[in-house]
Amino acid sequence: MTEERAAQPDQAGQDAALLIVGGDVVTMSPRREVVTGATVAVAGGRIAAIGPAAILRQDFPGAAELDASGCVVIPGLINAHQHTTVDPLVRSMIPEDIDSQEAIFDWAVPLHGQVTGDDDELSAALTAAESLLGGVTTVLEAGTVAHPLRVAAGLRAAGIRGRVGRWGWDVPGAPHALPAAESLALQEETVRALPPGGTVTGWVSLVGHDLASDELFTGAAELAERLDVGLTWHISPGEADIQAYARRAGRRPVVHFRELGVLGPRLVLGHAVWLDDDELDALVETRTAVASCPGAYLRLGQGYTRAGRHAEFVQRGGRLALGCDAHNAGDTPDVMRAAWLLAGLERDRDAHPVLRADQVFALATIDGAAAVGLGDLVGSIEVGKAADLVVLDTRNPAWTPRGDLATHLVWGAPSHTVRDVLVDGQVVVRDRRITTVDLEALSEEAQARSAALLRRTGIDVPHRWQALSAAEYIQGVRG
């Protein structure tokens with residue numbers, strides 16, 4: 001970059017909504033440049049130019065400015081698998097010493113059966129606010145049962161970029177199950193209600209596992225193709241799906257999907273941890289994406305350290321993104337922490353690092369965006385892309401002294417240093433405060449809704465430690 005001209009679109013001199021001035025910009029462009037002391041011009045929700053402040057002030061006269069001097073500016077992070085309903089109201093309440101099937105059927109399913117639209121909208125808004133405060137600007141909802149449009153409203157209110165679908169499954173006798181045709185009709189209704197063009201749009205979403213018939217799987221893939229949207233479902237976070245598909249089809253799950261013809265670049269498989277060679281080949285060959293949620297695999301004890309092959313998947317050209325799952329699995333929608341966990345798990349496999357920090361940070365940004373079909377829109381700081389940007393405050397001790405940026409961003413996991421966040425050119429976090437929703441009011445409402453939801457469901461949350469009032473405590477001390 002020379003002082004003669006900044007990188008910008010064909011027409012200069014347009015009014016810019018905002019200049020982000022003086023930061024070190026981690027572009028995540030194909031050449032992976034870090035542009036030091038740079039200014040980013042934002043206009044019409046897009047990145048309009050990158051260059052020296054003096055030139056951009058001339059090219060965009062009268063633009064407002066956000067001082068990022070000495071800060072690190074990164075692309076907004078991509079969370080490719082995040083549940084935003086129910087779990088946020090009961091976060092960290094499901095015990096960690098029960099198996100995943102008990103967690104699902106004794107906790108999650110009953111809670112989903114009692115949740116209201118108001119609950120779901122609040123949960124989504126809370127999840128979005130927490131995500132934005134950690135630098136996550138895109139959330140792909142991994143499944144909501146009954147109120148997808150309320151979920152979309154909650155995400156939109158907070159100002160995050162989102163993709164939302166209505167969960168479908170059709171196994172007879174399962175709670176909330178519907179015949180395949182009815183499920184697909186509801187899927188289409190949701191996608192059409194959330195059309196392209198906005199920050200929150202629709203996609204096709206199945207539960208997956210062994211809860212969908214072949215008719216529903218093929219119908220969902222055909223629907224996504226016809227509506228030109230992505231689709232997602234869960235498979236093989238643990239061994240249960242392998243056993244289920246052996247009984248059902250006499251073959252492994254991903255091989256079964258290949259034979260059905262439902263794999264492909266539109267599909268994002270949540271998890272896909274327990275894979276054999278044939279399944280890995282099938283994913284790579286069909287360009288099917290995987291959303292890796294390392295925090296969930298550790299929290300739920302699903303055996304990633306024994307079976308996970310996500311690093312090998314990346315090495316072979318597979319399309320991998322990062323996710324955080326749910327507030328009782330990953331427990332927090334912090335993609336930087338997910339990057340740290342994946343890097344650590346893979347580093348511990350061998351004396352030589354399997355995934356370097358720069359590769360893992362790419363999974364959180366540009367490679368993750370590409371994996372979920374959004375690479376032309378977000379994931380890097382390049383002229384013409386959506387202005388989804390995060391300013392990290394390097395005055396925090398976590399940045400002193402600053403090391404190699406890629407290493408610092410992954411192993412330092414500095415989500416706590418997020419200062420400002422833009423989504424589609426709008427400032428949604430400023431000076432560590434979310435600007436779009438009243439977080440204090442949301443938190444108060446969440447406490448009340450959480451208690452009411454647990455009462456309706458009849459679930460008592462076990463507490464490891466006894467809680468005493470101050471008066472009770474001192475009475476006990478004094479005898």
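Residue numbers count from 1 along this sequence.
The closest side-chain heavy-atom distance from Tyr304 to Leu298 is not below 4.5 Å. In this structure, the side chains of His327 and Ser92 stay at 4.5 Å or more apart for every pair of heavy atoms. Counting heavy atoms from C-beta outward, Val72 and Leu405 have side chains that approach closer than 4.5 Å. The shortest side-chain heavy-atom distance between Val136 and Val139 falls under the 4.5 Å cut-off. Between Val73 and Leu392, every side-chain heavy-atom pair lies at or beyond the 4.5 Å cut-off. For the pair Asn79 and Leu140, the minimum side-chain heavy-atom distance is 4.5 Å or more. Residues His408 and Trp399 have side chains in contact (heavy-atom distance under 4.5 Å, counting atoms from C-beta outward). Proximity of Val268 to Leu231: side-chain heavy atoms (C-beta onward) are nowhere separated by under 4.5 Å.
At least one donor-acceptor pair under 3.5 Å links the side chain of Ser450 to the backbone N or O of Leu89. Here the side chain of Thr435 pairs a donor or acceptor atom with the backbone of Val428 at under 3.5 angstrom. When atom types are taken as modelled, the side chain of Thr144 and the backbone of Arg166 share no donor-acceptor pair closer than 3.5 angstrom. A donor-acceptor contact shorter than 3.5 Å links the side chain of Thr436 to the backbone of Ala158. Of the possible donor and acceptor atoms, one in the side chain of Arg252 sits under 3.5 Å from a partner among the backbone N and O of Trp274. In this structure a side-chain-to-backbone donor-acceptor pair under 3.5 Å is present from Thr288 to Gly264. In terms of modelled atom types and a separation under 3.5 Å, the side chain of Thr27 and the main chain of Ser29 share a donor-acceptor contact. The closest donor-acceptor contact from the side chain of His176 to the backbone of Trp167 lies at 3.5 Å or more, if one exists at all. Side-chain atoms of Gln114 never come within 3.5 Å of backbone atoms of Leu111 as a donor-acceptor pair (strictly under, hydrogens ignored). Using modelled atom types, one side-chain atom of Asn328 and one backbone atom of Met93 make a donor-acceptor pair closer than 3.5 Å.
In this structure, His256 has its ring center at least 6.0 angstrom away from the ring center of Phe217.
Residues Leu194 and Ala152 come closest through the heavy atom pair CD2-CB, 3.7 Å.
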message: Is there a ring-ring contact (aromatic ring centres under 6.0 Å, His included) between His83 and His234? Walk through the geometry before answering.
response: CA-CA 12 Å; His83 294 275; His234 302 66; 5.3 Å; yes
task: Test Arg156 against Glu121 for salt bridge (Lys or Arg N to Asp or Glu O under 4.0 Å), laying out the working first.
output: CA-CA 10 Å; Arg156 193 181 296 114; Glu121 185 169 342; over 6 Å; no
task: Starting from the C-alpha separation in whole Å, work towards a yes-or-no answer on side-chain contact (heavy atoms from CB on, under 4.5 Å) for Val164 and Leu155.
output: CA-CA 9 Å; Val164 177; Leu155 298 178; 3.6 Å; yes
- prompt: Given Leu409 and Ile74, is the side-chain contact (heavy atoms from CB on, under 4.5 Å) satisfied, shown in steps?
  reply: CA-CA 10 Å; Leu409 285 166; Ile74 62 172; 4.2 Å; yes
- request: Using the side-chain hydrogen bond (donor to acceptor under 3.5 Å, both in side chains) rule, take Ser183 and Trp169 through it: C-alpha gap first, then chi angles, then the decisive distance, then the call.
  value: CA-CA 7 Å; Ser183 177; Trp169 62 104; over 6 Å; no
Intermediate values then yes/no, side-chain contact (heavy atoms from CB on, under 4.5 Å), Leu422 and Ile20: CA-CA 10 Å; Leu422 280 73; Ile20 302 171; 4.0 Å; yes
field: Derivation of the salt bridge (Lys or Arg N to Asp or Glu O under 4.0 Å) call for Asp358 and Arg356
entry: CA-CA 5 Å; Asp358 59 305; Arg356 301 187 312 270; 2.9 Å; yes
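A salt bridge links Asp277 to Arg309: one of the charged nitrogens lies within less than 4.0 Å of a carboxylate oxygen. Electrostatic pairing of Arg150 and Asp118 counts as a salt bridge here, judged by a charged N lying under 4.0 Å from a carboxylate O. A salt bridge links Asp393 and Arg432; the closest N-O separation between the charged side-chain nitrogens and carboxylate oxygens is under 4.0 Å. Between Arg464 and Glu96, at least one side-chain N (NZ, or NE/NH1/NH2) sits under 4.0 Å from a carboxylate O, which counts as a salt bridge. A salt bridge links Asp388 with Arg161; the closest basic N to acidic carboxylate O contact falls under 4.0 Å. Under 4.0 Å is where a charged nitrogen must lie from a carboxylate oxygen, and between Asp24 and Arg402 at least one such pair does. With salt bridges taken as basic N to acidic carboxylate O contacts below 4.0 Å, one links Asp281 and Arg316. The pair Asp278-Arg258 does not count as a salt bridge, with every side-chain nitrogen at least 4.0 angstrom from each carboxylate oxygen. The existence of a salt bridge linking Asp331 and Arg299 is confirmed by a sub-4.0 Å separation between a basic side-chain nitrogen and an acidic carboxylate oxygen.
Around CD of Gln426, the count of heavy atoms belonging to other residues, nucleotides or ligands within 6.0 Å does not exceed 12. Heavy atoms of other residues, nucleotides or ligands lying less than 6.0 angstrom from CG of Asp460 number 12 at most. Around the CG atom of Asn396, the shell of radius 6.0 Å holds more than 12 heavy atoms that belong to other residues, nucleotides or ligands.
Residue Ile98 holds its CD1 atom at 7.0 Å from CG of Asp106, rounded to the nearest 0.5 Å. With rounding to the nearest 0.5 Å, the separation of SG in Cys293 from CG in Leu341 is 11.0 Å. The distance from atom CG of Asp241 to atom CZ of Arg248, rounded to the nearest 0.5 Å, is 10.0 Å. Taking CG from Asp325 and OG1 from Thr332, the interatomic distance works out to 12.5 Å, rounded to the nearest 0.5 Å. Distance CD/Glu239 to CD1/Ile242: 6.0 Å, rounded to 0.5 Å. Rounding to the nearest 0.5 angstrom, the gap separating the NE2 atom in His112 from the CG atom in Asp119 is 11.5 Å.
A side-chain donor-acceptor contact under 3.5 Å links Arg163 and Thr201. Side-chain atoms of Thr84 and Glu141 form a donor-acceptor pair, as typed in the model, at a separation below 3.5 Å. A donor and an acceptor atom, one from each side chain of Gln187 and Ser205, are nowhere located under 3.5 Å apart. Looking only at atom types and distance, the side chain of Asp120 has a donor-acceptor partner in the side chain of His147 under 3.5 Å away. In the model, Ser415 has a side-chain atom that pairs as donor or acceptor with a side-chain atom of Asp334 under 3.5 Å.
Not counting sequence neighbours, Glu444 has no partner by the salt bridge (charged side-chain N to carboxylate O under 4.0 Å, His left out) test. For Arg31, the salt bridge (charged side-chain N to carboxylate O under 4.0 Å, His left out) partners two or more places apart in sequence, or in a different chain, are Glu33. Residues satisfying the ring-ring contact (aromatic ring centres under 6.0 Å, His included) test with Trp107, not counting sequence neighbours, are none.
The aromatic rings of Phe257 and Trp233 lie perpendicular to each other, with more than 60° between the two planes, well past the 30° mark.
Looking at His271, His81, His310 one by one, the single match for side-chain contact (heavy atoms from CB on, under 4.5 Å) with Val290 turns out to be His310.
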